[in-house]
Amino acid sequence: MKFNDLINILKEKNLLVNYNVVNDDIYNDVYYDSTKVKGKGILICKGLKFNKQYLLDAIEKGITAYISEVDYNIPMNTIIVKNILDVMAIVSKAIYDDSSKDLTLIGVTGTKGKTTTVDFVHNILDVNTQNKNAYWTTIDHYDGEKNDSSHNTTPEIVDIYQLIKNAKKNNVPYFVLEVSSQASKLKRIETLDFSIGIFTNVSYDHISPLEHASFEEYLDCKVNFLKKCKTVFLYRNSEYYEYIRKALDDKEIYTFGDTLNCDYMFSDIETVDDGICFKVKNGKDIKDYKISMKGSFNVINATAAIAVANHLHIPYADICEGLLKTWVIGRMNIYESKKCTVIVDYAHNKISAEALLKSLLSDYPNKNIKLVFGCPGDRGINRRKDIGELAGKYASYIYITSEDPQSKRAEDICEEI
């Protein structure tokens with residue numbers, strides 16, 4: 001896109017403060033990290049710790065324009081704006097998104113269950129389309145060209161649009177991704193058009209100086225994402241269901257859960273040697289399903305995926321095959337030995353840890369649960385109390401250790417737990 005075209009777009013959005021045009025270059029790349037610059041492009045100057053040296057480093061690597069809330073008085077293509085986060089989303093869409101090609105976006109939000117639900121959904125879609133669809137989870141992602149590990153629950157908006165560009169270029173029909181509350185708050189999804197949004201649950205979490213000031217803000221960030229979706233699937237058992245539903249009164253809404261008033265009601269959960277069997281009722285239709293993951297709480301995530309698949313008119317056989325193909329790293333991964341059973345699970349907050357521990361008590365009656373865990377240093381401060389109490393309630397032995405202490409001492413975190 002030409003530089004003057006970007007200026008005109010930002011003028012229309014009333015985000016422009018000032019600008020300088022040295023030449024009307026065409027730009028195909030956007031960067032927000034000076035260490036990742038690979039040549040000519042535009043640098044978005046964002047972040048509380050951004051300083052002029054980062055811009056100078058990017059110029060040495062080849063960028064010929066920058067967008068910022070601060071004028072660094074460098075004689076080059078420059079755009080000064082009111083809100084850099086708003087602008088980053090708009091510029092990324094303008095440069096990367098090919099509107100002539102279709103891509104169905106599906107987003108999953110919730111305190112827990114996002115990764116597993118994304119994997120259930122994209123595996124069903126893969127079976128149905130006979131194509132590997134794009135996805136992003138906390139663990140890994142695929143964009144139509146390559147698999148790679150992930151570092152955020154939801155990437156920056158620039159990265160999302162780069163993924164969308166690759167997916168469209170490779171004629172991938174669907175892109176399923178986790179949507180965190182932080183992504184909503186920091187406008188990482190601001191210009192995206194979601195066809196479907198899934199809400200798994202919500203509980204008191206991510207409340208800290210680095211995340212959300214209050215639970216109300218945390219919850220509303222999730223609601224604001226759902227408002228961007230054409231069709232929404234809500235977990236009916238959530239205690240905040242009525243609040244969320246009222247906020248989405250103009251949306252097409254379907255519900256899932258284990259109560260009779262759900263559009264998709266799961267029941268008859270049975271743990272077997274190689275997974276879990278259950279039923280799902282939709283109207284008068286009742287079908288049997290099976291997943292290869294242990295942990296009865298995973299039935300909730302599977303039912304959400306079944307509901308979405310039905311909405312997309314995917315055949316029953318494809319849904320069943322996609323469910324069975326789903327196995328998530330760090331989610332109820334079971335290792336058996338003659339001495340004991342070891343289970344690895346990424347449960348890290350109150351709602352996920354309690355669901356895990358209740359499931360273990362049910363699946364392994366009369367067994368001692370030995371729990372190894374830790375809590376982070378600068379985020380989710382409330383987890384120290386919550387998971388500590390759950391450990392005391394459900395486990396026979398407790399081993400507290402380090403888990404990303406960040407700026408805090410691991411010993412102090414363990415002592416507080």
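Just so you know, residue 1 is the first one in the sequence shown, and it goes up from there.
Here CD1 of Ile84 is found 9.5 Å from NZ of Lys46. Values are rounded to the nearest 0.5 Å. Expressed to the nearest 0.5 Å, how far CD1 of Ile196 lies from CG of Leu312 amounts to 4.5 Å. Interatomic distance, Leu226 CG to Lys228 NZ, rounded to the nearest 0.5 Å: 11.5 Å. A distance of 9.5 Å separates CD1 of Ile157 from NZ of Lys93, quoted to the nearest 0.5 Å. With values rounded to the nearest 0.5 angstrom, Ile334 atom CD1 is found 5.0 Å from Ile343 atom CD1.
Across Asn301, Val176, Asn133, a single residue satisfies side-chain contact (heavy atoms from CB on, under 4.5 Å) together with Val121, and that is Val176.
For residues 289-308, the salt bridge (Lys or Arg N to Asp or Glu O under 4.0 Å) pairs, not counting sequence neighbours, are Asp274-Lys290. The salt bridge (Lys or Arg N to Asp or Glu O under 4.0 Å) contacts involving residues 251-266 comprise nothing, where partners must be two or more places apart or lie in separate chains. Sorted by first and then second residue, the salt bridge (Lys or Arg N to Asp or Glu O under 4.0 Å) pairs involving residues 142-152 (not counting sequence neighbours) are Glu145-Lys169.
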Which pairs of donor and acceptor atoms, one on a side chain in residues 360-370, lie under 3.5 Å apart (sequence neighbours left out)?
residue	atom	partner	partner atom	Å
Asp363	OD1	Thr271	OG1	3.3
Asp363	OD2	Ser359	OG	3.3
Asn368	OD1	Ser396	OG	3.2

Could you go through residues 239-247 and list every donor-acceptor pair under 3.5 Å that involves a side-chain atom there, pairing it with any protein atom two or more places apart or in another chain?
residue	atom	partner	partner atom	Å
Tyr241	OH	Arg245	NH1	2.7
Tyr243	OH	Asp220	OD1	2.6

#### Entry: Check against side chain to side chain contact (heavy atoms under 4.5 Å, CB included), Phe233 and His311
CA-CA 10 Å; Phe233 291 80; His311 178 72; 3.6 Å; yes
### Message
Please evaluate residues Tyr335 and Asn333 with respect to the criterion side chain to side chain contact (heavy atoms under 4.5 Å, CB included), reporting the C-alpha separation (whole Å), side-chain torsions for both, the decisive distance (0.1 Å), and the verdict.
### Response
CA-CA 7 Å; Tyr335 304 89; Asn333 300 160; 3.9 Å; yes
### Task
Using the side chain to side chain contact (heavy atoms under 4.5 Å, CB included) rule, take Ile90 and Leu10 through it: C-alpha gap first, then chi angles, then the decisive distance, then the call.
CA-CA 8 Å; Ile90 292 166; Leu10 297 176; 4.1 Å; yes
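The side chain to side chain donor-acceptor pair (under 3.5 Å) check on Glu336 picks up Thr341, with sequence neighbours excluded. Checked against side chain to side chain donor-acceptor pair (under 3.5 Å), Lys408 has the following partners two or more places apart in sequence or in another chain: Asp378. In this structure Asn83 satisfies the side chain to side chain donor-acceptor pair (under 3.5 Å) test with no other residue, sequence neighbours excluded. Legend: residues meeting ring pair (Phe, Tyr, Trp, His ring centres under 6.0 Å) with Tyr161, ordered by chain and number and at least two apart, are absent. Here Gln53 pairs with Asn51, Leu56, Asp57 under the side-chain contact (heavy atoms from CB on, under 4.5 Å) rule; sequence neighbours left out. Every residue two or more places apart in sequence or in another chain that forms a ring pair (Phe, Tyr, Trp, His ring centres under 6.0 Å) with Phe256 is listed here: Tyr235. With sequence neighbours left out, the side-chain contact (heavy atoms from CB on, under 4.5 Å) criterion links Cys262 to Arg236, Thr255, Thr259, Met265.
When only modelled atom types and interatomic distance are considered, Glu178 and Thr115 share a side-chain donor-acceptor pair under 3.5 Å. At a cut-off of 3.5 Å, with distance as the only test, a side-chain donor of Asn147 or Lys132 sits close to an acceptor on the other residue. Between the side chains of Tyr264 and Asn310, no donor N or O sits under 3.5 Å from an acceptor N or O. For the residue pair Thr326 and Asn123, a side-chain donor N or O sits within less than 3.5 Å of a side-chain acceptor on the partner. For the residue pair Ser100 / Asp98, a side-chain donor-acceptor distance below 3.5 Å is found, with atom types taken as modelled.
Using a 4.0 Å cut-off between a side-chain N of Lys or Arg and a carboxylate O of Asp or Glu, Asp29 and Lys40 do not qualify as a salt bridge. At a threshold of 4.0 Å, the pair Glu217-Lys185 counts as salt-bridged, since one of the basic side-chain nitrogens sits closer than that to a carboxylate oxygen.
In summary, the aromatic rings of Tyr142 and His122 are positioned with their centroids too far apart to meet the 6.0 Å limit. In this structure, the ring of Tyr316 has its center less than 6.0 angstrom from the ring center of Tyr289.
Panel note: side chain Thr78, backbone Met76; a donor-acceptor pair is recorded below 3.5 Å. Within the 3.5 Å criterion, the main-chain N or O of Tyr72 finds a donor-acceptor partner in the side chain of Tyr66. Looking only at distances, a side-chain donor or acceptor of Lys82 sits under 3.5 Å from a matching main-chain atom of Asn14. Using a distance-only test at 3.5 Å, with no hydrogens or angles considered, a donor-acceptor pair links the side chain of Thr109 to the main chain of Val179. The backbone N or O of Lys112 sits less than 3.5 Å from a side-chain atom of Asn201, completing a donor-acceptor pair.
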